[in-house]
2 protein chains.
Amino acid sequence: MKWDALEEEPCSLARTVAVIGDRWSLLILRECFLRIRRFDDFQASLGITRHLLADRLKKLVRFGVLRKIPYQESPKRYEYILTQKGLDLYPVIMSIVHWGDTHMVDARGRPMLHEHKNCHKMFDPVMVCSECGEPLSAKAVHVHRGPGARQSSPVHAKAQERGKRVAEPG
Amino acid sequence: MKWDALEEEPCSLARTVAVIGDRWSLLILRECFLRIRRFDDFQASLGITRHLLADRLKKLVRFGVLRKIPYQESPKRYEYILTQKGLDLYPVIMSIVHWGDTHMVDARGRPMLHEHKNCHKMFDPVMVCSECGEPLSAKAVHVHRGPGARQSSPVHAKAQERGKRVAEPG
DNA sequence: ACCTTAAGTTCTATTTTAGAACTGTCAATA
DNA sequence: TATTGACAGTTCTAAAATAGAACTTAAGGT
């Protein structure tokens with residue numbers, strides 16, 4: 001499968017993965033949320049090759065996640081800052097960080113702590129239902145085909161059929 | 001940077017990216033949450049090459065995200081199912097899907113809708129603070145170094161210093 | 001003149017991925 | 001009995017992506 005094909009898939013996960021679904025893009029976004037904005041700063045803090053950094057920044061700008069803002073003339077220099085579309089990736093970044101905090105820490109504990117300026121406490125992010133406010137789990141959610149769906153997949157139908165005869169996952 | 005180095009970084013995002021930070025792992029996980037469990041079903045529904053699928057499944061099992069469960073003897077066959085560690089990735093998957101629903105849909109609308117069995121309504125996932133319950137945004141969060149942190153980076157210090165003299169992001 | 005900062009671009013070598021074919025086991029079918 | 005099909009991989013070569021280092025361009029400072 002080509003990257004371009006991913007963008008066209010009738011699946012919001014696949015389309016998002018087409019934008020941020022590689023290790024460097026996610027790490028670049030981490031730096032953006034930590035207020036890194038300039039080419040050499042990204043390069044120094046990530047250890048990414050300059051070639052790939054230029055490529056990924058271009059891609060994130062093309063998708064409207066970052067925007068180039070001039071910060072000096074002659075020679076013209078730009079900073080890469082998050083657009084609103086980019087800022088909206090915060091839940092993605094935070095849920096990834098939280099999973100790492102839960103399942104990948106070593107004996108020394110968490111590398112970073114997060115304080116909510118609203119309540120002045122250290123917090124964890126919790127994903128809740130927009131309608132009833134209860135925390136979400138995979139088992140409490142039922143998936144329906146939406147208006148942008150493609151015809152249903154025979155593979156999924158077959159697997160679902162089998163699923164009725166065997167134990168539940170988990 | 002090598003993949004192995006990512007696992008060792010004192011950063012929960014980097015460590016998580018070492019596990020799920022490539023396009024195929026995320027797509028495989030999508031299928032897992034849609035109840036796909038078997039090798040050929042993954043292969044048929046994703047179009048991934050068999051070589052890479054075998055490699056990624058092995059990796060996800062090694063990290064404890066999936067578990068191999070025998071479903072028949074002679075020839076011995078296994079299903080790949082999510083462990084609790086894997087089920088805990090649900091907020092990651094859902095936040096990615098929600099960003100795609102918000103920013104990457106075409107004119108036809110969302111490919112999938114999600115119903116909460118708890119309240120029987122179609123919902124969006126919302127990320128809130130575990131302490132005060134308010135929705136989270138990047139600007140309302142302050143980051144502190146935790147016990148597992150490394151010495152602070154000169155790059156971040158420099159960028160932060162510069163940040164005080166220029167406009168805020170966004 | 002020479003060094004530094006900054007943001008890239010270019011180059012070759014290595015690694016990863018795509019795509020297709022092949023292997024091994026067993027069950028069901030002709 | 002021979003053949004076909006399901007299933008879960010492995011093996012192969014060619015193409016693509018990445019690593020790592022050097023180079024370029026344009027200015028400012030000493």
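Protein chains get the first letters and strands the later ones, always in sequence-line order, with residue 1 at the start of each.
- When the ring-ring contact (aromatic ring centres under 6.0 Å, His included) test is applied to A:His51, no partner is found at least two apart in sequence or on another chain.
- Applying the salt bridge (Lys or Arg N to Asp or Glu O under 4.0 Å) test to residues at least two apart or on different chains, the pairs with a partner in residues 85-104 of chain A are A:Asp101-A:Arg110.
- Taking only side-chain nitrogens and oxygens, A:Arg23 never comes nearer than 4.0 Å to OP1 or OP2 of D:dA17.
- Cluster partners of B:Leu113, using a side-chain heavy-atom cutoff of under 4.5 Å among ILVMFWY residues and allowing indirect links, are B:Met122.
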Exercise for review: Could you run through nucleotides 21-30 of chain D and give me one letter per nucleotide, 5' to 3': B if any protein heavy atom sits under 4.0 Å from the base, S if only the sugar-phosphate is that close, - if neither?
Suggested key: -B----S---

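- With sequence neighbours excluded, the residues that form a ring-ring contact (aromatic ring centres under 6.0 Å, His included) with B:His116 are B:Phe123.
- At a threshold of 4.0 angstrom between heavy atoms, the contacts of B:Tyr71 are confined to the sugar-phosphate backbone, with no base atom among them.
- Of the residues in residues 52-60 of chain A, those placing a heavy atom less than 4.0 Å from an atom of DNA chain D are A:Leu52, A:Arg56, in numerical order.
- Taking the side-chain contact (heavy atoms from CB on, under 4.5 Å) definition, one finds that B:Ala44 meets it with A:Val155, sequence neighbours left out.
- Among the atoms of the strands shown, only primed sugar atoms or phosphate atoms (P, OP1, OP2) are found under 4.0 Å from some heavy atom of B:Tyr80.
- Residues A:Asp41 and B:Lys158 are paired through a salt bridge, judged by an N-O separation under 4.0 Å between the basic side chain and the carboxylate.
- For B:Phe33, the ring-ring contact (aromatic ring centres under 6.0 Å, His included) partners are B:Tyr90, not counting sequence neighbours.
- Partners of A:Phe63 according to the ring-ring contact (aromatic ring centres under 6.0 Å, His included) rule, which considers only residues two or more places apart in sequence or in another chain, do not exist here.
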